[in-house]
Amino acid sequence: MSEPTAQPKTVLLRRGEVHSPADPFATAMVVERGQVAWVGSEGAADAFSDGVDEVVDLDGALVTPAFTDAHVHTTATGLALTGLDLSDASSLEAALARVREFAAARPDDRVLLGHGWDAARWPGARPPTRAELDEVTGGRPLYLSRIDVHSAVVTTALLDMTSLGRVEGPLTADAHHAVRATALGAITPAQRTDAQRAALARAASLGIGTVHECAGPDISSEDDFTGLLRLAAEGPGPRVVGYWAEQAEEGVAKARELGAIGAAGDLFVDGALGSHTACLHQPYADAGHTGTAYLDAAAVAAHVTACTEAGLQAGFHAIGDAAVTTVVEGVRAAAEKLGLVRIRAARHRVEHAEMLTPDTVTAFADLGLTASVQPAFDALWGGEDGMYAQRLGVERARTLNPFAALLRAGVPLAFGSDSPVTPLDPWGTVRAAALHRTPEHRVSVRAAFTAHTRGGWRAVGRDDAGILVPGAPADYAVWRTGELVVQAPDDRVARWSTDPRSGTPGLPDLAPGRDLPVCLRTVVGGRTVFVRPGE
């Protein structure tokens, strides 16, 4: 875990609303030596006013723990922010026009990079052909990843930089990994650093204090990963927790060498639903196959065993129900060898875990697996007319992302974005979980907020952080927000309550139609990493 090195100030924040379980009615907080030192009422804050370096008048603003985004691809996020983003392109023709404009505006780029196209939402549902991309780029190398980043379309010139030959159609699996490695390998170190800075700055501006970087040899590169950890350590910004997704003994050694806290993250058991590469028990509704399996249960068991014995977290990317079953079977086999207590203590992770059954939910709880999930996926692809329903049919689609069932079973949840697949947007993520398109999967705003703050810390083995109580790390954000509500303690459904008898600290009203909070300041370890201009 990387952290800035400058010494933090001692700060008194007062005249606001402080979201703290230590005092549900707190209006002030003192931060000292990078930790929360005191939380309490405005009247008691006077005793601290002469012994601090800075006094911040909150003027009624809300103070909460900073968010943790538990699944980020930082460089790819920065490249999407600074490059070609097609996530809002309304048609194939609109996407091609924007590729043409982008190519004309970037004459010096060795490889043109873009992201975010989603043909499933376009009239005709057809991705661009290689010939069309060759024409709009003038024959230059181009890599365009689909929104789920599990397939891509490319130009002939980029294919010619690989050993793949003139393959047609969207590239998946090993072919996609090959073209992605070639495209990203063309980025200069300066471009990469600029992209990482842009991503971390965007995170800080949204009240995100920590990101979990999910890297690996099929996703980025060792230089990319270690460069990001160095960048985060050298200056003020969000913390970066690094995972390196490489298998078994080799993966354990490489994770340690690179400074990762786990051989985890996007260690692919399967692909993604949008690209028809998630591994299913039953065939896709719109394709005559069951997707792609990259690992079997024996490989999962070997990896979990190696990581547990080395004292590292293991983790896997698993989306389809067959892939999730593979993970459960593998982790169970490791538990039979090493003992369930050791497996549970390691807090191994499963990324995405979209297609769960009651049996696999129970298995997650039994094995102590953390579900690192992305509620924005449901907001983007759920519903009876969404991509999930197109790929799986309406009935299967309704079972996806069962957050309430996971909470009821006692499965730890850590929320994230999988950025750039969906944008960095923490309050939007909380809202998506509370307003899940399938009502029985909804959770309360309070539970969703906890999963996006404390849940990310618990996922890396820290139970003392992600809350504003004395002794906790001073990672917090200050928000301009509308009405605060006190929510009832029932986490099984989304509800908004103004009953103060629950004693639950207030959170913003995220009901439909309400504006999301605006971040005014973000602080990490007592160091200010973002202040909104004019504040």
Side-chain angles (χ1 to χ4, degrees), residues 1-68 200-201 203-210 232-240 426 449-450 453-454 456-457 462-481 484 503-508 517-535:
M1 183 183 296
S2 56
E3 301 182 21
T5 57
Q7 291 301 311
K9 295 179 179 181
T10 300
V11 178
L12 168 63
L13 299 96
R14 61 189 309 174
R15 290 205 324 118
E17 300 282 348
V18 180
H19 181 82
S20 171
D23 182 348
F25 305 104
T27 58
M29 181 173 75
V30 173
V31 171
E32 186 175 21
R33 292 191 294 274
Q35 294 183 323
V36 177
W38 173 84
V39 175
S41 66
E42 176 63 26
D46 289 335
F48 299 94
S49 58
D50 293 334
V52 299
D53 300 315
E54 182 182 2
V55 176
V56 176
D57 185 345
L58 296 169
D59 192 24
L62 172 68
V63 182
T64 72
F67 285 101
T68 292
L200 294 177
S205 75
L206 296 169
I208 298 170
T210 301
E234 288 170 357
R239 303 172 190 264
V240 175
F449 180 81
T450 298
T453 51
R454 197 172 189 185
W457 283 95
R462 291 283 301 273
D463 294 332
D464 62 331
I467 50 174
L468 299 180
V469 297
D475 287 24
Y476 62 89
V478 180
W479 306 92
R480 181 172 64 244
T481 185
L484 298 184
T504 306
L507 285 171
V518 175
C519 184
L520 306 179
R521 178 183 296 230
T522 305
V523 176
V524 176
R527 305 166 182 89
T528 299
V529 300
F530 169 77
V531 176
R532 182 163 297 280
E535 296 296 332

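Hydrogens, waters and symmetry mates play no part in the numbers below; they use all other heavy atoms, side chains included.
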Decide yes or no on side-chain contact (heavy atoms from CB on, under 4.5 Å) for I467 and S20, but give the supporting numbers first. CA-CA 7 Å; I467 50 174; S20 171; over 6 Å; no
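- Taking CG of L468 as the start and OG1 of T453 as the end, the distance is 9.0 Å to the nearest 0.5 Å.
- With respect to V63, the side-chain contact (heavy atoms from CB on, under 4.5 Å) criterion is satisfied by exactly one of M29, H19, E17: M29.
- R480 is linked by a salt bridge (charged side-chain N to carboxylate O under 4.0 Å, His left out) to E535, counting only residues two or more places apart in sequence or in another chain.
- Considering every non-hydrogen atom in both S41 and A28, the closest pair reads O-CB, 4.1 Å.
- Considering only heavy atoms from C-beta on, L200 stays 4.5 Å or farther from V529 through its side chain.
- Among residues at least two apart or in separate chains, side-chain hydrogen bond (donor to acceptor under 3.5 Å, both in side chains) pairs with a member in residues 467-477 are R239-D475.
- With hydrogens and angles ignored, the 3.5 Å screen pairs no side-chain donor or acceptor of R14 with any backbone N or O of T27.
- Judged by distance alone, the side chain of T522 and the main-chain N or O of A204 form a donor-acceptor pair under 3.5 Å.
- For the residue pair D23 and G40, the shortest heavy atom distance occurs at OD2-CA, 3.8 Å.
- Here the closest non-hydrogen pair linking D464 and A472 is O-CB, 3.5 Å.
- The minimum heavy-atom distance between A477 and G207, with the atom names listed, is CB-CA, 4.0 Å.
- Atom CG of residue L520 and atom CG of residue L58 lie 9.0 Å apart, to the nearest 0.5 angstrom.
- Between the side chain of R15 and the backbone N or O of E42 there is no donor-acceptor pair closer than 3.5 Å.
- Closest approach of S49 to L12, counting heavy atoms only: CA-CD2, 4.0 Å.
- F48 has its side chain out of reach of T10: every pair of non-hydrogen atoms, C-beta onward, lies at least 4.5 Å apart.
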### Task
Apply side-chain contact (heavy atoms from CB on, under 4.5 Å) to L484 and L62, showing your working.
CA-CA 9 Å; L484 298 184; L62 172 68; 4.0 Å; yes
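- Nearest heavy-atom pair across R462 and P473 is NH2-CG, 3.4 Å.
- Using bins of under 30°, 30° to 60° and over 60° for the plane-to-plane angle, the ring pair F67/W479 lands in the perpendicular bin.
- Atom CZ of R521 is separated from atom CG of L13 by 7.5 Å, given to the nearest 0.5 angstrom.
- When the shell of 6.0 Å around CZ of R33 is examined, it contains 12 or fewer heavy atoms from other residues, nucleotides or ligands.
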